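Written out below as C-alpha cells is the structure these notes cover.
Predicted model, so just to flag it, every value in this text is computed and none were measured. Below, chains carry the letters A, B, ... as their sequence lines are ordered, and counting in each starts from 1.
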Amino acid sequence: MKMIHAQIAIGSVCLVLAFTITLQIRSVSYNRVNNPNTLRAEEIQKQLRQAQENNLKYAEQVMQLKEDLAAFKTDAAESSDYSKTLLKQLERAELLAGLTSVEGSGIIVTLRDSKAENTGNIDPNLYVVHDADVLWLMNELRDAGAEAMQLNGERIISTSEIRCAGATVSVNNNRTAAPFEIIAIGDPVNMENALLMRDGVYDTLRYYGIEITIKKASKVTVNAYKGNISFKHAIPLQAAQ
Amino acid sequence: MQIIMFPLIIIASLLIGVVAGLFIPSGLPSTLTPYIAIAILAGLDSVFGGFAATINNNFKMKIFITGFFGNALLAMLLTYIGKLLDVDIYLAAVIVFGTRFFQNFAVIRRFLLNRPSSGPTQKKS
C-alpha cells in the first residue's frame, strides 16, 4: 500500500518535471532566437537602412528640381527686362540666404581632438573638441567679417545650429564628428588675427592640446545649403499702407 | 503487480507532461529561465532520490514532497542571491544535485542489474 503511494507521488512529480523541462527547452531556444535586444537592434537597423535609402532618393529629387528651376529662371530672364531685374534680386537673396555655392579668399581651420596623454586626474572632456569650441570659433570668424562659412561641408545659414549631439556635433540637423574643418570666406588676415588674439580661441584650445591649424587661402569654396528651409511660424508683416 | 505498474505510471506521466509542455501556448520569459533550469535540476534529484528510496524500501512521502519543493525553492533562492552578489552560487546546487544524481543512478542500476527474474521487492511487499 505504501508502495502505490510512492509510485503515484513519483509519477506526479515526473509529470510536473516533464512539463517544465519541455517548456524550458522550448523557452530557451525561443528566447535565444527572439532575444529582445537583438530583435530591437535588427529592427532599428532596418529602419535606418530604409531612411538612408529614402534620403538618397530625395536628394536625387532635389537635384532634379534644382536643375528644372535653373532652366525656368533662365527662360524667365530672357522674356523681359522686368524679369531680368527680378532674377538679379533673386540671386542676391539666394546669396544672402546661403543657397548658392560661393568662392573667394578665406581661411581653412581644422580642429582635431587632443592626442596628449591624460596624466593627471584631468577631466578627459577638456581634451576633445566640443560644439561650444566650434561655435566660439565660428562666432569669432563672423565677427572678423566672414561672409560665408561651412563646417565639415555644411553651410552655416541663419537657421543653422551648432549643437552637441552625443559624440558628434549637429549642424543643420546633420551630424559631423571630429576632425572639424571650417572654411570661411572673408578677409583672411582679419579672420586669422581674430583667432590668434591673445587668450583667444587658438590659445585656449592649444592649452588643452587640441590640434588647431589655420590656413589662409586666396581661393576657397563654400558649399550651398543643401537642406530645406520652411518657415512655419514666421510670417512677414504686411507693410503699413 | 505493483512493480509492473511502476514503469507504466512513470512513462504515462512523462508523456502527459511532455505533451502539455508542447501544447501550452506561451513560453517562459528569458529572465525566468535560469531559475526554472535550477528547479528542474532539483526536481530530477528528487525523482531519482525517490526511485532509489523505493528500491531500498525506505521511501517516505513527507521527505519526498518536502525535498521536491524545498530543494527547488532553495536552489532558485540561491540563484537569485548569486545574481544579487554576482557570484555563481547556483553552481553549488548544480554540483550537489549532480553528484546525488549519479549516486542515485548507481543505486537504481545495481538494483536493475542484480534483480532476479521475479524481483525481490515484490516478495517483500
Side-chain angles (χ1 to χ4, degrees), chain A residues 1-53 117-128 165-168 175, chain B residues 1-3 5-51 53-55 57-65 67-69 72 121-122 124-125:
Chain A
M1 200 53 212
K2 193 179 163 196
M3 191 71 183
I4 193 86
H5 279 181
Q7 288 175 13
I8 288 169
I10 292 177
S12 43
V13 166
C14 272
L15 193 147
V16 174
L17 212 54
F19 172 73
T20 10
I21 289 174
T22 321
L23 192 63
Q24 171 81 353
I25 290 171
R26 270 183 55 206
S27 307
V28 168
S29 50
Y30 176 86
N31 291 339
R32 196 171 293 145
V33 177
N34 300 314
N35 189 326
N37 293 332
T38 50
L39 273 189
R40 182 95 187 105
E42 259 172 40
E43 187 175 329
I44 289 173
Q45 210 167 21
K46 212 184 280 171
Q47 281 178 8
L48 178 66
R49 218 173 295 137
Q50 185 67 43
Q52 279 170 344
E53 273 171 26
E117 210 171 305
N118 188 353
T119 42
N121 270 333
I122 305 164
D123 185 2
N125 269 326
L126 294 173
Y127 290 90
V128 287
T168 58
R175 289 168 176 206
Chain B
M1 176 65 194
Q2 280 171 347
I3 205 77
M5 257 178 74
F6 200 15
L8 281 180
I9 292 176
I10 302 292
I11 290 167
S13 45
L14 281 179
L15 272 179
I16 294 169
V18 169
V19 168
L22 281 178
F23 282 91
I24 200 144
S26 62
L28 297 160
S30 54
T31 46
L32 272 183
T33 44
Y35 301 104
I36 303 300
I38 206 78
I40 285 172
L41 217 61
L44 276 177
D45 171 63
S46 292
V47 166
F48 273 76
F51 274 134
T54 318
I55 286 162
N57 245 354
N58 60 359
F59 180 88
K60 290 190 181 67
M61 184 64 85
K62 275 177 191 159
I63 287 177
F64 180 69
I65 298 294
F68 179 66
F69 289 107
T121 348
Q122 198 179 11
K124 273 180 198 163
S125 63

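- For the set B:Gly43, B:Ser13, B:Ala20, the entry with the most heavy-atom pairs within less than 4.5 Å of chain A is B:Ser13.
- Taking non-hydrogen atoms and a 4.5 Å limit, the residue list of residues 45-53 of chain A in contact with chain B is empty.
- Nearest heavy-atom pair across A:Phe19 and B:Gly21 is CD1-N, 3.4 Å.
- Note that CD1 of A:Ile21 and CD1 of B:Ile36 are 11.5 Å apart. Values are rounded to the nearest 0.5 Å.
- Most heavy-atom pairs under 4.5 Å with chain A, from the set B:Ile16, B:Ile24, B:Ile11: that is B:Ile24.
- Here the closest heavy-atom approach between residue A:Ala18 and residue B:Val18 is recorded as CB-N, 3.9 Å.
- Taking OG1 of B:Thr54 as the reference point, atom CD1 of A:Ile10 lies at 3.5 Å (rounded to 0.5 Å).
- Here B:Phe64 pairs with B:Phe59 under the ring pair (Phe, Tyr, Trp, His ring centres under 6.0 Å) rule; sequence neighbours left out.
- Neither the backbone nor the side chain of B:Phe48 comes within less than 4.5 Å of any heavy atom of chain A.
- Of the listed residues (B:Ala39, B:Pro29, B:Gly50, B:Gly17), the one with the most heavy-atom contacts under 4.5 Å to chain A is B:Gly17.
- Interatomic distance, B:Thr33 OG1 to A:Arg26 CZ, rounded to the nearest 0.5 Å: 14.0 Å.
- Of the residues B:Leu44, B:Leu15, B:Leu14, the one that meets the side-chain contact (heavy atoms from CB on, under 4.5 Å) test with A:Cys14 is B:Leu14.
- The distance from atom CD1 of B:Ile9 to atom OG of A:Ser12, rounded to the nearest 0.5 Å, is 9.5 Å.
- The structure places CD1 of B:Ile40 at 7.5 Å from CD1 of A:Ile25, a figure rounded to the nearest 0.5 Å.
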